[in-house]
Amino acid sequence: MASSIDILELLQRPATEVAPFLLGALVRHESPEGPVVVRLTEVEAYLGPKDSQDPDPGAHTYRGKTERNSVMFGPPGHLYVYFSYGMHFSANLVCRPEGTSSGCLMRAGEIVEGLDLARLRRPTAKRDSELAQGPARLAKAMGFGREHNGIAALGGEVTVTLPDRPTTAVMAGPRVGISGPGGTDEYPWRFWIGGDPTVSKFKPGVVRPPRRRAPAVQKTQ
DNA sequence: GGCGGGATATTCT
DNA sequence: GAATATCCCGCCC
């Protein structure tokens with residue numbers, strides 16, 4: 001099943017353009033314990049200093065190359081896995097040619113294969129929709145850790161496959177967990193699939209649609 | 001279901 | 001020393 005869009009060609013472009021096309025994409029990880037596949041429902045774009053005239057203050061690479069973020073400056077189609085808050089891993093797909101530093105953070109998704117293994121890795125999840133509901137949860141359910149930083153993501157242990165058709169119900173809004181200028185809607189670079197139950201519940205700027213008071217009687221199962 | 005706080009390593013000031 | 005591209009748990013509606 002060849003996708004209508006060539007992924008390597010797509011990944012040459014800035015993360016802000018790539019991100020919407022990653023919605024619905026399948027990320028497969030063949031670990032020694034077994035395979036787990038996630039269908040991405042939420043991603044965030046980050047641009048490096050050279051990827052835009054308007055630098056992205058929210059990006060890890062905003063102040064240039066460091067030991068931690070060096071993979072982001074490498075070739076596209078690789079994983080940038082970083083460790084934060086002293087306990088969590090999160091995974092990005094590197095975009096743009098070598099020397100630049102764009103990337104898409106995989107924020108949430110639906111586990112479509114390897115449910116048992118994902119449940120084992122995420123024992124605190126109460127429901128399957130929570131298995132990869134959030135960047136650190138997704139990384140944990142997929143088994144991504146320090147050892148996956150810099151590995152190829154287009155074949156081998158990890159493979160990303162674009163959906164046959166681009167997702168239509170694309171929503172966009174401010175990014176999450178970023179204080180200061182980078183988090184405002186000047187940078188509406190978080191993309192998600194509208195209405196999907198696996199999209200993360202972000203606190204900041206919680207734009208909950210006004211909950212309509214339901215008639216007390218009806219309960220459609 | 002919605003808050004507040006704690007945990008904890010790496011990075012940069 | 002402070003901040004962090006977060007999650008979990010306990011407590012309170």
Where do A/Leu138 and A/Arg107 land on the side-chain contact (heavy atoms from CB on, under 4.5 Å) test, with the steps shown first? CA-CA 7 Å; A/Leu138 185 149; A/Arg107 281 198 60 88; over 6 Å; no
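- Between A/Asn149 atom CG and B/dT10 atom C1' there is a gap of 13 Å when expressed in whole angstrom units.
- Classification of the A/Tyr82-A/His60 ring pair by plane angle, with boundaries at 30° and 60°, yields perpendicular.
- Salt-bridge annotation for A/Arg28 and A/Glu113: present, with a side-chain N of the basic residue lying under 4.0 Å from a carboxylate O of the acidic one.
- Nucleotides B/dC3 and C/dA5 place their P atoms 22 Å apart, quoted to the nearest Å.
- Atom CZ of A/Arg137 and atom CD1 of A/Ile111 lie 12.5 Å apart (nearest 0.5 Å).
- The side-chain ring of A/Phe83 is not stacked on the base of B/dA9, judged by centre separation under 5.5 angstrom and plane angle under 30 degrees.
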Please assess A/Glu33 against A/Arg121 for the test side-chain contact (heavy atoms from CB on, under 4.5 Å), listing each intermediate value before the final yes or no. CA-CA 11 Å; A/Glu33 310 160 279; A/Arg121 289 170 171 160; 2.8 Å; yes
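- For the pair A/Arg146 and A/His88, both in contact range of DNA chain B, the more 5′-proximal nearest nucleotide belongs to A/His88.
- The nearest whole Å value for the distance from the CZ atom in A/Phe89 to the P atom in C/dA5 is 16 Å.
- More than 12 heavy atoms of other residues, nucleotides or ligands shown are found within 6.0 angstrom of CZ on A/Arg119.
- Whole-Å rounding puts the A/Tyr85 OH to C/dC8 P distance at 14 Å.
- Listed nucleotides: C/dC8, C/dA5, B/dA7. Nearest to the side chain of A/Tyr46: C/dA5.
- Nucleotide C/dC8 holds its C1' atom 20 Å from the CZ atom of A/Arg121, rounded to whole Å.
- Annotation: proximity of residues 126-137 of chain A to DNA chain C (heavy atom, distance under 4.0 Å) is found for A/Gly134, A/Pro135, A/Ala136, A/Arg137, numbered in ascending order.
- Across the protein-nucleic acid pair, A/Glu67 atom CD and B/dT11 atom P stand 6 Å apart, rounded to whole Å.
- Of the listed nucleotides (C/dC8, B/dA7, C/dA5), B/dA7 has the atom at the smallest distance from the side chain of A/Met87.
- Remark: the A/Tyr82 side chain and the C/dA5 base include a donor-acceptor N/O pair separated by less than 3.5 Å.
- Out of C/dC8, C/dT6, C/dA5, the shortest distance to the side chain of A/Arg122 is found at C/dC8.
- Counting to the nearest Å, the P atom of C/dC7 and the CZ atom of A/Arg107 are 7 Å from each other.
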Go through the steps for A/Arg68 and A/Ser70 under the test side chain to side chain donor-acceptor pair (under 3.5 Å), then give the verdict. CA-CA 6 Å; A/Arg68 174 170 75 156; A/Ser70 63; over 6 Å; no
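- When both pairing distances are held under 3.5 Å, C/dG10 makes a Watson-Crick or G-U pair with B/dC3.
- The interatomic distance linking A/Tyr80 (OH) with B/dT10 (P) rounds to 13 Å, in whole Å.
- Summarising the geometry, the separation between NE2 on A/His60 and P on C/dT6 is reported as 8 Å, rounded to the nearest angstrom.
- Looking at heavy atoms from C-beta onward, A/Phe191 lies out of side-chain contact with A/Cys104 at the 4.5 angstrom threshold.
- For A/Thr66, taking side-chain heavy atoms from C-beta onward, the closest of the listed nucleotides B/dC12, C/dT6, C/dC8 is B/dC12.
- For A/Ser84, no side-chain nitrogen or oxygen approaches OP1 or OP2 of C/dA5 to under 4.0 Å.
- Checking B/dT10 for Watson-Crick or G-U wobble geometry (two distances, each under 3.5 Å) identifies C/dA3 as its partner.
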